[in-house]
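Written out below as structure tokens is the structure these notes cover.
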Protein chains: 2
Amino acid sequence: MNPADRQQRLDRFLAAHRESGLPVTHQRRAVFEAILDRQDHPTAEQVHRAVRQSLPQISRMTVHRVLGTLVSLGLVAKTCHPGSAARFDPRIHRHHHLVCLDCGAIIYVEDPRLNRIPRPRVNPSEFTIQDYNIHFRGRCARCQQKARSPRRKPTAKRAPAGTRGL
Amino acid sequence: MNPADRQQRLDRFLAAHRESGLPVTHQRRAVFEAILDRQDHPTAEQVHRAVRQSLPQISRMTVHRVLGTLVSLGLVAKTCHPGSAARFDPRIHRHHHLVCLDCGAIIYVEDPRLNRIPRPRVNPSEFTIQDYNIHFRGRCARCQQKARSPRRKPTAKRAPAGTRGL
DNA sequence: CTGCCTGCAAACGATTTGCACCAGC
DNA sequence: GCTGGTGCAAATCGTTTGCAGGCAG
């Protein structure tokens, strides 16, 4: 993320805390900063590992709780994933994902044409749509290659639990 | 599901097993039949409860394993959900979902216009797209009503774990 | 100073794994 | 009969909860 955007996000982070009367702790700031710089879509566990580089003593559950808070403040997004663990995403504007059916990798994708898709005709009293995103399922470059030339065992590298067969 | 479609699905179920050389056990058949009739998107646990009505002694882990097999045979779909537990879906053609941000309910939606959305421009050597589906996030009728008239505590009925803030 | 936050430990729910037994082919 | 599926128990993984102490406002 470029410095200007990053600063804007940090300002927004502080403003959201002020508005909600939440204290800005080192931990919250560190977790948020750790997420901002990620291009992938880390699990809570991965965020924990990243944050420990700046705050070695931070606990896993604090990371979980902070992530929950950040999500409910609308500062980060929780993106759903066929795997078991939740993924977190610093991008909160509308965007879409390529999801690899083999390894579970999530690739960010944005295309203005995808922001103009029709809304399904639903009775507004039955469901009100706020936003949407699209999951494109397929195979990433690495897994294509792996399938083409199974060097070792065909089941060389198992996909993360629950990732397959979306 | 109407009887004709249902029979077709059962035939396909048998054919897939024959092709793969997998034995057609009572348990597998019962699990598949239990899923076929669901309009919701049950968790493995819910499938287990349903199957026990016909096979009272079936164990939870058999249901898990059978669901995994059915998914890899392409007979049922595993749909990703912001909540913690995986959901299973008898519908294997392209379709989309309305997901309630409050209670996590999944509502099936199909609209021919949604089958003609543009593919994002991705380098095919980086990712090959097989299919896609759209998650429309919002609020279902029940939760809208609940928000409008909070009878008891505002946090009367907690959403399933991890459901919020997608 | 007060309240929320943090950290620890333990509980919890969903899912997986190892092993003995049983059933489909 | 052989192969693989099933059931049981226990382990595992991600996440949540209850409680004592700490820090931001």
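A, B, ... follow the sequence lines: proteins, then strands. Residue 1 opens every chain.
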One thing to verify: whether K146(B) and D102(B) come together as a salt bridge, which I'm taking to mean a side-chain N less than 4.0 angstrom from a carboxylate O. no
How many Å lie between CZ on R29(A) and C1' on dG25(D), as a whole number? 16 Å
Under a 4.0 Å N-O cut-off, is there an ion pair linking K78(A) with D89(A)? no
Closest-nucleotide ordering on DNA chain C, the 5'-leading residue of L22(B) and E45(B): E45(B)
To the nearest angstrom, the CZ-P distance between R28(B) and dA23(C) comes to 16 Å
Of R65(A) and A44(B), the one whose closest nucleotide on DNA chain C sits nearer the 5' end is R65(A)
Nucleotide dA14(C), atom P - distance to NE2 of H81(B) in whole Å: 13 Å
Take the protein atom CZ of R60(A) and the nucleotide atom C1' of dC12(C), then report the distance between them rounded to whole Å. 15 Å
Whole-Å distance, H64(A) NE2 to dC8(C) P, equals 14 Å
Whichever of H26(B) and M61(B) has its nearest DNA chain D nucleotide further upstream toward 5': H26(B)
Nearest-nucleotide 5' precedence on DNA chain D, P23(A) against T25(B): T25(B)
May I ask you to verify if any side-chain N or O of T62(A) is less than 4.0 angstrom from the OP1 or OP2 atom of dG7(C)? yes
Nucleotide nearest V66(A) (side chain, heavy atoms from C-beta), chosen from dT6(C), dT15(C), dT6(D): dT6(C)
CZ (R12(B)) with more than 12 external heavy atoms under 6.0 Å: no
In whole angstrom, what separates I58(B)'s CD1 from dA23(C)'s C1'? 14 Å
Charged N to carboxylate O under 4.0 angstrom, R91(B) versus E110(B)? no
At less than 4.0 Å, is any side-chain N or O atom of Q27(B) found next to OP1 or OP2 of dG7(D)? Yes or no. yes
